[in-house]
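Excluded from the calculations below are hydrogen atoms, water molecules and symmetry mates; all remaining heavy atoms, backbone and side chain alike, are included. Counting convention: from 1, in listed order, for ligands and their atoms alike. Values in this document were obtained by computation on a predicted structure and should not be read as measured data.
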Amino acid sequence: MSSKLICFEPTCRAQFAVTEVLYNCPKCGGLLEAHYPGWNLDPEPVKSVWRARRISNAPLDQSGVWRYREIIPFLENFDHVVSLREGNTPQLAAPAAAQYGGLHRLTFKHQGFNPTGSFKDNGMTCGVAQALRLGMKRVACVSTGNTSASMAAYASAAGIEPLIFIPHGNISYGKLAQALEYGARTFQVEANFDQILALVRGLAEGLGIYLLNSINPFRIEGQKTIIVEMLDQRDWNAPDWIVLPGGNLGNTSAFGKALRELKHWGFIQKMPRLAVIQAEGAAPFYELFRASERRRLEPVGHPETLATAIKIGDPVSWPKALREVEESNGVVEKVSEQEIADAKAVIGKCGIGCEPASAATLAGMRKLTAEGVIERDADVVAVLTGNLLKDPDYIYRYHTGQLDAPDGTRIRSTFANQPIVVPNDPERIASLL
Ligand SMILES: *Cc1c(COP(=O)(O)O)cnc(C)c1O
Ligand SMILES: [Zn+2]
């Protein structure tokens with residue numbers, strides 16, 4: 001079987017070999033998507049193979065991405081795969097969060113249990129495998145967030161050099177710390193995000209650098225396995241709704257592609273509906289979805305939200321994401337900083353926890369059930385995208401009443417849990433217990 005990259009633009013549909021180094025369609029600039037001509041998957045035997053691999057000790061089978069390699073067949077062989085045992089993330093029941101979200105039951109699929117603490121690992125193991133297959137010696141991305149942390153880990157594990165480019169003076173310390181520790185060379189450039197991306201693209205050619213930004217079609221293939229693993233864990237009973245936060249919209253694109261492919265081959269009979277949640281200060285996809293004619297996404301010039309993983313004003317994957325939300329009969333919602341902060345504390349108090357962007361899911365569900373869009377007895381899976389410890393500063397500020405929204409207004413600490421300062425006096429402490 002030969003894999004292809006096909007231009008996503010309906011008026012173009014140009015085809016390229018997967019072994020070409022491409023980021024956008026060279027003809028029209030459109031997004032590229034992996035396709036597999038002659039692909040054939042028989043669900044029952046494949047489901048059995050996938051289940052059997054769960055008790056295998058082979059590294060490829062232990063990976064929650066490569067265990068499902070039949071759904072991402074873009075490599076001829078697996079010589080170049082570097083796995084850190086990504087995926088394998090739990091589904092957690094959360095009754096208190098369900099109640100807060102207006103639901104009878106709710107399950108979180110927690111991608112924060114990944115090796116570097118976010119779902120970026122599901123895609124990055126594929127992106128780095130592709131880089132190695134292309135003979136690249138270096139990989140690069142423009143990001144201070146979870147993409148940098150993940151790329152740094154996978155590239156270093158693979159023995160190639162990770163290069164991270166970030167706008168000068170725009171640093172998120174938790175995630176940057178991971179990138180430094182995993183050995184990425186990090187450049188702070190005196191320019192904005194778009195200027196840096198153009199600069200890196202220019203440098204990449206000729207220097208053997210492969211770009212692993214969010215539009216990379218192989219990262220999207222890897223992220224499809226989040227859905228495959230979710231359905232495998234549910235014995236292939238598709239939920240009514242899958243709720244996720246939306247930033248650059250790569251994950252929305254990946255989830256929709258996975259669901260369409262699984263439905264096409266007969267792994268599932270029903271198409272779950274996608275609910276994408278954005279932060280109010282960075283909600284261009286919400287605005288596009290609400291428009292009477294969904295022609296073009298209008299970028300937000302200065303996106304603002306404390307949920308930095310979804311602080312994206314011009315999401316690159318919007319054309320794909322729009323198709324996937326429409327095809328799944330899905331919805332797009334937006335939530336405030338206050339709603340994200342309170343939802344996050346509720347998820348924490350379930351003993352689960354997540355980073356701010358992930359909590360947009362519960363905040364969004366609360367709105368969507370109140371509006372009657374999601375029914376109270378619906379079977380809902382929300383994807384928590386990142387680990388609690390990615391952003392401890394936010395948490396401390398919330399629980400001590402010091403969290404300010406980007407516009408300077410103080411966020412109410414509805415579920416504050418303050419540390420209590422006490423003297424070394426057993427009676428005084430006992431009186432507080
Ligand atoms: C990257 C990221 C997102 C946004 O995902 P997109 O694919 O860009 O929409 C949300 N949450 C976390 C924790 C992330 O790392
Ligand atoms: Zn094209």
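- Looking only at protein heavy atoms, the nearest one to atom 8 (O) of ligand 1 is Asn248 N, 2.8 Å.
- Counting only N and O atoms by type, the side chains of Arg67 and Asn88 include a donor and acceptor under 3.5 Å apart.
- Close approach of ligand 1 to Ala357 (heavy-atom distance below 4.0 Å) involves ligand atoms 11 (N).
- In Ala309, the parts holding a heavy atom less than 4.0 Å from any atom of ligand 1 are both the side chain and the backbone.
- Dense packing is recorded around CD of Glu20, with more than 12 heavy atoms of other residues, nucleotides or ligands lying under 6.0 Å away.
- At a 4.0 Å heavy-atom cut-off, ligand 1 touches Leu249 through the backbone alone.
- Of the protein's non-hydrogen atoms, the one nearest atom 11 (N) of ligand 1 is Thr385 OG1, 2.8 Å.
- Aromatic rings of Trp50 and Tyr68 (six-membered ring for Trp) have centroids within the 6.0 Å cut-off, being under it.
- Those atoms of ligand 1 with a heavy atom of Gly247 less than 4.0 angstrom away are 4 (C), 6 (P), 8 (O), 9 (O).
- The residue from Glu261, Glu229, Glu324 that alone fulfils the salt bridge (Lys or Arg N to Asp or Glu O under 4.0 Å) condition with Lys224 is Glu261.
- Considering both main-chain and side-chain atoms, Gly246 never comes within under 3.5 Å of ligand 1 through any nitrogen or oxygen pair.
- Among protein heavy atoms, atom 5 (O) of ligand 1 sits closest to Phe119 CZ, 3.4 Å.
- With 3.5 Å as the limit, one finds no donor-acceptor pair spanning the side chains of Thr400 and Gln418.
- With a 4.0 Å cut-off on non-hydrogen atoms, Lys120 touches ligand 1 through its side chain and not its backbone.
- For the 3.5 Å distance criterion, the side chains of Asn387 and Glu355 fail to qualify, holding no donor opposite an acceptor.
- Side-chain contact check for Thr107 and Gln91: no donor-acceptor pair (N or O, by modelled atom type) lies under 3.5 Å.
- Centred on the Zn ion (ligand 2), the SG atom of Cys25 and the SG atom of Cys7 lie at an angle of 110°, reported to 10°.
- Annotation: atom 7 (O) of ligand 1 to nearest protein heavy atom, Asn251 N, 2.8 Å.
- By the 4.0 Å N-to-carboxylate-O rule, Arg323 lies close enough to Glu33 to be salt-bridged with it.
- Atom CD of Glu181 sits in a sparse spot, with 12 or fewer heavy atoms from other residues, nucleotides or ligands closer than 6.0 Å.
- No heavy atom of Ser214 sits closer than 4.0 Å to any atom of ligand 1.
- Side-chain contact annotation: Gln233 with Lys109, donor-acceptor N/O pair under 3.5 Å present.
- Remark: ligand 1 atoms within the under-4.0 Å shell around heavy atoms of Gly250 are 6 (P), 7 (O), 9 (O).
- Heavy-atom proximity to Gly386, at under 4.0 Å, picks out these atoms of ligand 1: 13 (C).
- Of the heavy atoms in Ile310, only side-chain atoms (C-beta onward) come closer than 4.0 Å to ligand 1.
- Not one N or O of Glu355 is nearer than 3.5 Å to an N or O of ligand 1, by distance alone.
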